[in-house]
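Owing to the predicted nature of the structure, the values given are computational and were not obtained by experimental measurement. Sequence positions, counted from 1, serve as the residue numbers for this chain. Heavy-atom basis, side chains included; hydrogens, waters and symmetry copies ignored.
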Amino acid sequence: MEAGTHTVTNQAPPLVGYDMFATDLALAEAVERHLPPEVYDDAHQELTSLGVSAGSSQAQEWGRLANGFPPRLRTHDRYGNRVDEVEFHPAWHRLLGRGVAAGLSGSAWGRPGGHVRRAAAFLLASQVEAGHGCPLSMTHAAVPALRAEPELAAAWEPLLASRVYEQDLRPPLEKAGVLLGMGMTEKQGGSDVRANTTRAEPLAADGEYVLTGHKWFCSAPMSDGFLVLAQAPAGLTCFLVPRVLPDGTRNAFAIQRLKDKLGNRSNASAEVEFDGSTWARRVGEEGRGVRTIIGMVAATRLDCVLGSAALMRQAVAQAVHHASYRRAFGGLLVDKPLMRNVLADLALESEAATVLGLRLAAAYDSDTAEERALLRLAVPVAKYWVTKRCTPVVAEALECLGGNGYVEESGLPRLLRESPLNSIWEGAGNVQSLDVLRALQREPAALNAFLMEVGRARGEDHRLDRAIRDLLTELADLEGVEARARRLAERMARVLQGALLVRWAPPEVADAFCASRLGGDWGASFGTLPHTLGLAAVVDRARPEPLSAS
């Protein structure tokens, strides 16, 4: 029996038992805005079901367990045979199975509204637990790369699009569904994949090779296969490396160790070795490996945007939820002007990230020449900026809970450890900024598409109009631009987010974003918005409500 001094009062209840989709108004509105009417009802029902599941206490517990009991490497069996297997907590498999069943692997391609539906579902699943999003993202993104080899795509794409998760290692074409990973990074090269040293030697059969080399980062090593880059006789080439060969024997795929990472603890990232007998199938032409795999990279970069938007949304939801229950200095925290300013500032960043991510997903669905050109420039712009904003947003949201937020049981520390990841994976900030420059210098259609997109909001807000003019001035002078590439990417991202919010967000959201992010009426930290804005409405919009109250 607890002593009277241990009576628990003035604590917010856990944020569970709520519809994570319906209470995220920015996300729900984006789905309705971008989906074709003929698929909206079905998609809304599916996302509502996923939102309720994601907001349940059971799903939250799966996320905790998957990270609390990280994967373990088994290199050998009891008899000394090399097995190279990674063991996961059952919660990992439950999360991954639910993600596959929700269509997060490869089912979006060629499906009406498929990318918008998947983006929304990915955003929900990543709020529960971010690590399992890695194999789902790579499997989804492998589809355009495999299409460079039609015979391979015909055999593998239905398995990537399957909604059946089978965790055991068997010949891939004998399974009901498969997952694919990717291995590009090597210890001597990092992002400079053209410095890769892994060698590919052709065999007698057309398209078949053996690989010798290593990969410094190979995530989700229990996937059924991997797209990797290696040096073939004609240059850097893309290959498909299955874990299990058609005859049921294990491919030579030696897992040397698992990385001990800052965050993303549930997901195994490995160093792997190819010993000269590792069988691989060529994907695309020899010497065109980067061009073949670039479609995969672009899709995973968009998932980095969505993953960061998910982390921000969950952090903001936790902060607003806490402040809506916690009393201090004579009232609820959420009603205190300064706390309201902080929460509104965080909510703006979260909504801007969500709106941008779903707009890019809609561009994948449209698949017109103009939309493809927009993606070429807007994806690295968004990847740079949204992933950069994630860590400060999560850190400030954690502070809203005070000491409670610093305690592991709150879940905020896990979000904070996860927050830098998407900025690093699939090309860190400098890589994204330089990619923006390449698009500007080599692909004028990309800039035209970008300017047309932001131009659709011209005349609606004077601060946005001025920001567009300033951006055009900067784009007119690209002399010595590399040293200011980050500044340019940031400005482009803010202008694009502002244009989308002016068109689609409630007036109080668009007004606050343009006043602060574009109009210059903003400090160097969150909680410095102009006090004359309608901040209460911005905070109310971000509040997650339990199902019993909705």
Side-chain angles (χ1 to χ4, degrees), residues 39 43 46 96-119 121-122 125 132-184 206-209 219-220 222-229 237-246 251 279-285 288-303 361 363-367 372 375 426:
V39 302
E46 186 175 72
L96 200 51
R98 192 186 65 165
V100 171
L104 299 184
S105 45
S107 66
W109 304 94
R111 180 187 185 195
H115 288 276
V116 168
R117 292 177 71 158
R118 180 193 172 275
F122 190 82
H132 79 290
C134 179
L136 295 169
S137 177
M138 292 188 295
T139 303
H140 159 74
V143 171
L146 284 177
R147 287 177 175 175
E149 202 67 47
E151 182 183 345
L152 276 179
W156 283 76
E157 194 169 330
L159 300 175
L160 303 179
S162 170
R163 297 199 177 204
V164 177
Y165 172 56
E166 294 188 9
Q167 69 186 64
D168 58 317
L169 286 177
R170 290 189 289 119
L173 300 187
E174 296 180 7
K175 299 180 69 173
V178 299
L179 297 175
L180 278 190
M182 149 171 86
M184 293 193 291
D206 182 48
E208 297 185 10
Y209 294 71
S219 283
M222 289 298 284
S223 298
D224 297 284
F226 299 85
L227 291 179
V228 306
L229 294 177
T237 303
C238 182
F239 295 92
L240 174 61
V241 177
R243 283 296 315 269
V244 181
L245 299 175
N251 205 358
W279 185 90
R281 176 69 186 274
R282 189 187 66 235
V283 182
E285 300 177 28
R288 297 173 69 84
V290 173
R291 182 177 293 273
T292 299
I293 211 167
I294 198 67
M296 183 178 192
V297 172
T300 51
R301 284 177 175 175
L302 177 52
D303 275 359
Y364 268 100
D365 281 330
S366 296
D367 197 29
R372 288 192 294 272
L375 287 169
E426 307 304 346

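Pairs passing the salt bridge (Lys or Arg N to Asp or Glu O under 4.0 Å) check and including a residue from residues 134-144, sequence neighbours excluded, do not occur.
Put simply, CD on Gln167 and NZ on Lys175 are 8.5 Å apart, with the number rounded to the nearest 0.5 Å. Taking CD of Glu157 as the reference point, atom CG of Leu152 lies at 11.5 Å (rounded to 0.5 Å).
Scanning all heavy atoms of the two residues, the minimum distance from Glu426 to Arg301 falls at O-NE, 2.9 Å. Closest non-hydrogen pair, Thr300 versus Met138, comes out as CG2-CA, 4.4 Å. Residues Phe122 and Asp303 come closest through the heavy atom pair CE2-O, 3.6 Å. When every heavy atom of Phe239 is checked against every heavy atom of Ala280, the shortest pair comes out as CB-CB, 3.9 Å. The nearest pair of heavy atoms linking Pro171 to Val244 is N-CG1, 3.6 Å. Pairing each heavy atom of Val290 with each of Leu229, the nearest pair is N-CD2, 4.5 Å.
Of the possible polar contacts, none joining the Glu208 side chain to the Arg281 backbone as a donor-acceptor pair under 3.5 Å is found. Proximity of a side-chain donor or acceptor of Asp224 to a complementary backbone N or O of Leu179 within less than 3.5 Å is detected.
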- Query: Which is it for Tyr209 and Thr237 under the side chain to side chain contact (heavy atoms under 4.5 Å, CB included) test, yes or no, and what are the steps along the way?
  - Reply: CA-CA 11 Å; Tyr209 294 71; Thr237 303; 5.8 Å; no
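Here Arg170 pairs with Glu166, Asp168 under the salt bridge (charged side-chain N to carboxylate O under 4.0 Å, His left out) rule; sequence neighbours left out. The side chain to side chain donor-acceptor pair (under 3.5 Å) search around Arg117 returns Asp42, Glu46, not counting sequence neighbours. Not a single ring-ring contact (aromatic ring centres under 6.0 Å, His included) links His132 to another residue, sequence neighbours left out. For Arg291, there are no side chain to side chain donor-acceptor pair (under 3.5 Å) partners at least two apart in sequence or on another chain.
Using a 4.5 Å heavy-atom threshold, the side chains of Val283 and Ile293 count as separate.
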List, one per line, each side-chain donor-acceptor pair under 3.5 Å for residues 102-115, sequence neighbours excluded.
| residue | atom | partner | partner atom | Å |
| --- | --- | --- | --- | --- |
| Ser105 | OG | Leu160 | O | 3.1 |
| Ser107 | OG | Gly103 | O | 3.0 |
| Trp109 | NE1 | His140 | O | 2.7 |
| Trp109 | NE1 | His140 | ND1 | 3.3 |

